[in-house]
> 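First the structure, then my questions, so here it is.
Computed from heavy atoms alone, side chains included, the values below leave out hydrogens, waters and symmetry copies.
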Amino acid sequence: MLVAGRIVQHREFGKLVFMVLRDHTGDLQVSISKSELDAAQFRLARKLDYGDIIVVGGRMGMTKKGEICVWADRVEVHCKSLAPPPEKYHGLTDAEARYRRRYVDMYANPETMATLQARSRLVAQMRRFMDARGYLEVETPMMQPLAGGAAARPFVTHHNALDMPLFLRIAPELYLKRLLVGGMPRVYEINRNFRNEGIDRQHNPEFTMMEVYEAFGDCESMLELTESLMRDLATSLDASGRRTFGELEIDYAAPFDRVAYGALVERSTGSPMTDFGAMRAKARQIGVENVDAMDDWLVVNEVFEHFGEAAIDPARPTFVTDFPSAISPLTRPHRDDPTLSHRWELFVAGMELGNAYTELNDPDVQLSKFTEQLRGADDEARAFRALDVDFIQALRVGMPPAGGLGIGVDRVIMLMTGQTSIRDVILFPLMRPE
RNA sequence: GCCCUGUUAGCUCAGUUGGCAGAGCAGCUGACUCUUAAUCAGCGGGUCGUAGGUUCGAGUCCUACACAGGGCACCA
């Protein structure tokens with residue numbers, strides 16, 4: 001048989017050489033005996049170094065100690081490694097070196113390879129899941145004349161031939177909804193978003209998002225879809241549906257929790273969220289600046305993010321439902337209480353994992369919400385935020401009632417693979433140049 | 001942007017009160033036909049992150065900067 005791999009161990013015994021070859025599937029020992037090869041081949045075998053990529057022909061057998069081993073009758077060097085390898089026992093552990101030289105990390109640390117390969121398989125599984133439910137995968141613009149669909153700060157670039165500014169997208173939302181207008185009933189997109197913001201264990205400036213839109217769906221159908229998807233991914237890795245994440249043991253097979261936004265605020269602060277006086281007091285208490293100048297509901301949201309999110313059991317996947325309309329500009333308000341909206345966010349392990357709503361499809365309400373939002377924008381935000389007139393026009397053509405969903409794919413991969421840093425599930429996380 | 005910690009050989013790390021720059025692995029030379037981080041003998045290998053300062057003398061103390069990790073802020 002023929003085996004190929006990179007040399008990760010090399011032990012010489014004069015007339016006998018043991019080596020361990022590694023590829024993406026694992027390690028295999030090979031042995032080269034002087035009595036089995038001609039003199040030139042054996043001299044070559046003794047000169048091999050850690051990191052070289054070789055092909056060995058021989059018969060599969062066992063050593064006296066019971067180790068599976070290929071006894072070579074042929075050795076070919078297919079690539080010489082000229083760079084010194086990392087230490088063979090401790091490997092490459094320096095976080096900076098691991099991210100900067102991922103190609104070394106990948107072969108030196110099998111766990112890295114396992115995680116990155118698991119990511120690819122999980123994303124493929126997500127696509128299978130969505131395809132099986134009849135959603136069509138699409139690709140909408142990643143360079144947009146207007147950066148809409150979210151409130152993040154965008155990256156700006158410039159198109160020379162058209163002499164116009166372009167924004168790397170912060171969300172695909174407004175384009176996907178145009179597809180609903182055009183008549184695609186179920187679409188999803190898995191691709192990168194770009195947000196010009198800080199970097200930490202849960203944020204990379206470019207990150208992968210899955211957005212889903214379903215005509216005649218609503219936030220309830222998106223909730224069912226999300227819970228089923230998470231359960232499907234978890235059980236594809238372990239039949240129990242349980243995954244460990246840091247200190248947490250998270251069960252995705254059990255039904256996820258549900259709690260209303262307002263109930264969570266009240267439970268965690270002792271005051272109803274509509275008691276804006278109490279909310280402002282709480283906000284001041286946690287050091288929010290300019291509380292007096294802020295809109296009531298933005299104050300409430302500060303309080304929610306500080307107290308409410310902290311009150312969620314991180315070990316239990318939890319849908320927080322009925323977000324305030326005032327902070328949900330693309331969401332259809334409740335019929336009976338328009339201060340609330342048909343929107344939820346999913347929290348797991350303290351991370352915001354997904355966001356879904358029953359889409360607002362009334363062009364007049366949408367227009368007034370956009371203009372209201374622009375009025376609240378500061379100078380910096382106004383520089384890149386603008387009214388997407390064409391999107392309003394699309395809604396005038398008519399968008400069917402719909403459910404929409406966004407899920408942070410990188411964070412899903414973190415939870416599924418047990419990696420607590422987003423950098424460990426991204427092939428090449430952004431680093432400053434050395 | 002702020003705070004804390006780190007940065008010493010290719011890799012993993014020591015370095016005492018401020019007094020000649022160290023180890024293991026990797027590399028090179030040699031021995032060895034069943035090893036498992038093989039073993040044994042020998043030999044090379046340094047801009048101690050960068051720039052200043054204090055000092056007779058700085059890897060060690062001080063300042064600034066760079067990069068990284070963690071935390072905070074930002075991220076509807």
Side-chain angles (χ1 to χ4, degrees), chain A residues 7-20 27-37 42 45-47 49-51 61-69 71 81-101 104-105 108-109 149-154 170-171 193-205 207 261 286-289 294-295 297-302 304-306 323-331 341 343 345 351-352 355 357 369 372-373 376-377 380-381 385 408 420-421 423-424 429-434:
Chain A
I7 298 171
V8 293
Q9 294 194 52
H10 185 265
R11 295 183 279 272
E12 269 186 49
F13 290 83
K15 300 189 182 70
L16 183 68
V17 179
F18 288 101
M19 290 184 293
V20 174
D27 293 356
L28 176 67
Q29 181 170 278
V30 300
S31 182
I32 297 161
S33 167
K34 188 174 187 181
S35 58
E36 301 289 323
L37 278 79
F42 190 72
R46 290 191 53 161
K47 284 197 146 134
D49 290 319
Y50 286 77
M62 265 202 193
T63 66
K64 289 175 184 171
K65 297 275 174 65
E67 177 90 15
I68 291 170
C69 184
W71 301 98
S81 178
L82 301 177
E87 211 262 357
K88 68 180 168 186
Y89 184 59
H90 299 93
L92 188 70
T93 60
D94 180 68
E96 181 175 357
R98 287 184 48 231
Y99 301 137
R100 286 195 194 278
R101 301 198 297 147
V104 176
D105 182 32
N109 296 316
R153 189 180 303 128
I170 55 177
N193 288 346
F194 307 85
R195 297 188 180 177
N196 205 340
E197 284 153 6
I199 297 175
D200 61 32
R201 280 191 316 177
Q202 295 170 16
H203 296 83
N204 194 62
F207 63 100
Y261 183 102
I286 56 176
V288 177
E289 290 170 16
M294 283 173 73
D295 179 85
W297 287 105
L298 292 181
V299 173
V300 172
N301 201 45
E302 294 282 348
F304 166 77
E305 287 179 356
H306 189 269
F323 270 61
S325 277
I327 58 167
S328 310
L330 296 156
T331 308
S341 68
R343 173 185 175 191
E345 287 192 358
M351 290 193 290
E352 183 193 328
N355 179 19
Y357 31 90
K369 276 179 170 276
E372 187 182 338
Q373 192 185 17
E380 195 216 347
R385 226 165 270 170
T420 54
S421 171
R423 292 184 185 95
D424 289 319
L430 184 68
M431 304 282 280
R432 244 185 241 273
E434 276 182 285

> With C1' as the reference atom in both, quote the distance from B/A14 to B/U8 in angstrom, rounded to an integer.
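Their C1' atoms lie roughly 10 Å apart.
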> Take A/D49 and A/R101, find for each the nucleotide of RNA chain B with the closest heavy atom, and name the residue whose nucleotide sits nearer the 5' end.
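Result of the comparison: A/R101.
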> Please give the distance between the C1' atoms of B/C67 and B/G18 as a whole number of Å.
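About 27 Å, rounded to a whole number of Å.
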> Residues two or more places apart in sequence or in another chain: which of them pass side-chain contact (heavy atoms from CB on, under 4.5 Å) with A/I7?
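Per chain and number, A/I7 pairs via side-chain contact (heavy atoms from CB on, under 4.5 Å) with A/H10, A/M19, A/L21, A/L48, A/D52, A/I54.
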> Between atom CG in A/D105 and atom P in B/U12, what is the gap in whole Å?
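Going from A/D105 (CG) to B/U12 (P), I get 11 Å.
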> Dump the pairs, protein N or O against N or O of nucleotides 37-41 of chain B, anything under 3.5 Å, distances to one decimal.
unit_1 : atom_1 : unit_2 : atom_2 : d
B/A38  : OP1    : A/K88  : NZ     : 2.3
B/A38  : OP2    : A/Q9   : OE1    : 2.3
B/A38  : OP2    : A/R11  : NH1    : 2.3
B/A38  : N6     : A/E12  : O      : 2.7

> Working to the nearest 0.5 angstrom, can you tell me the gap between A/K88 NZ and A/Q9 CD?
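Going from the NZ atom of A/K88 to the CD atom of A/Q9 covers 6.5 Å.
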> So, taking the atom named CD in A/E12 and the one named CD1 in A/I32, what distance separates them when rounded to the nearest 0.5 Å?
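Spacing of CD (A/E12) from CD1 (A/I32) equals 10.0 Å.
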> Nearest of B/U33, B/C67, B/C34 to any side-chain atom of A/R100?
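From the listed options, B/C67 comes nearest.
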> Using the C1' atom on both, measure B/G59 against B/A9 and round to a whole Å.
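Each nucleotide's C1' atom is 14 Å from the other's.
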> If we take the P atom in both B/A26 and B/A21, what is their distance in whole Å?
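The same atom, P, in both gives a distance of 27 Å.
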> Roughly how far apart are A/R153 CZ and A/I170 CD1, rounded to 0.5 Å?
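A/R153 atom CZ to A/I170 atom CD1 measures 11.0 Å (nearest 0.5 Å).
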> Go through B/C11, B/U33, B/C67 for me and flag the one nearest to the A/K34 side chain.
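That would be B/U33.
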> Using the C1' atom in both, what is the distance from B/U33 to B/A38, to the nearest Å?
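One C1' to the other, the span is 13 Å.
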> When the C1' atoms of B/C56 and B/G6 are compared, how many Å lie between them, rounded to an integer?
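It comes out at 31 Å once rounded to the nearest Å.
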> Between A/L82 (CG) and B/G27 (C1'), how many Å, whole number?
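That distance rounds to 13 Å.
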> Would you give a per-nucleotide map of nucleotides 69-76 of chain B, 5' to 3', where B means the base has a protein non-hydrogen atom under 4.0 Å away, S means only the sugar-phosphate does, and - means neither?
SSS--BBB
> Kindly write out the residues that satisfy side-chain contact (heavy atoms from CB on, under 4.5 Å) with A/P84, not counting sequence neighbours, or none if the list is empty.
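For A/P84 there are no side-chain contact (heavy atoms from CB on, under 4.5 Å) partners, ignoring immediate neighbours.
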> Taking protein heavy atoms under 4.0 Å as touching, what does nucleotides 43-48 of chain B look like 5' to 3' if B marks base contact, S marks sugar-phosphate-only contact and - marks none?
------
> Just wondering, do A/Y99 and A/D94 contact through their side chains at under 4.5 Å, heavy atoms?
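A side-chain contact is absent here, since even the closest heavy-atom pair is not under 4.5 Å.
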> Roughly how far, to the nearest 0.5 Å, is the CD atom of A/Q29 from the CD atom of A/E67?
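One gets 4.5 Å once the value is rounded to the nearest 0.5 Å.
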> First locate atom OG of A/S328, then atom OH of A/Y357, and finally report the distance between them rounded to the nearest 0.5 Å.
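It is 8.0 Å, given to the nearest 0.5 Å.
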> Hey, does A/F207 have a side-chain heavy atom less than 4.5 Å from the side chain of A/R195?
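Answer yes - side chains close enough.
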> Between the side chains of A/N355 and A/R343, is a donor N or O closer than 3.5 angstrom to an acceptor N or O?
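Side-chain D/A pair, A/N355 to A/R343: present.
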> Taking the side chain as every heavy atom from C-beta outward, state whether A/I327 and A/F304 have any atom pair closer than 4.5 Å.
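They are not in side-chain contact.
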> For nucleotides B/G1 and B/C75, find the distance between their C1' atoms and express it as a whole number of Å.
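Result for the C1' pair: 14 Å, nearest Å.
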> Within the 4.5 Å heavy-atom criterion, are A/Y261 and A/P324 side-chain neighbours or not?
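Yes, side chains in contact.
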> Contact class for A/G287 (heavy atom, under 4.0 Å): base, sugar-phosphate, or nothing?
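The answer is nothing, as A/G287 stays clear of every strand by at least 4.0 Å.
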> Quantified in whole Å, what is the P atom distance between nucleotide B/U7 and nucleotide B/U16?
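Approximately 12 Å lies between the P atom of B/U7 and that of B/U16.
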> In the structure I gave you, are the side-chain heavy atoms of A/P86 and A/V104 within less than 4.5 Å of one another anywhere?
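Yes; the side chains approach each other to less than 4.5 Å.
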> Would you write the dot-bracket representation of RNA chain B, where each base gets (, ), [, ], | or . depending on whether it forms a Watson-Crick or G-U pair under 3.5 Å and with which partner?
(((((((..((((.....[..)))).(((((.......))))).....(((((..]....))))))))))))....
> Can you find a heavy atom in the side chain of A/V288 that is under 4.5 Å from one in the side chain of A/M294?
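Counting from C-beta outward, A/V288 and A/M294 do come under 4.5 Å.
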> Between A/T93 and A/E87, is the side-chain contact (heavy atoms from CB on, under 4.5 Å) condition met? List the steps.
CA-CA 10 Å; A/T93 60; A/E87 211 262 357; over 6 Å; no
> Give a yes/no on whether any side-chain N or O of A/T93 is located under 4.0 angstrom from OP1 or OP2 of B/U12.
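Yes, within the criterion.
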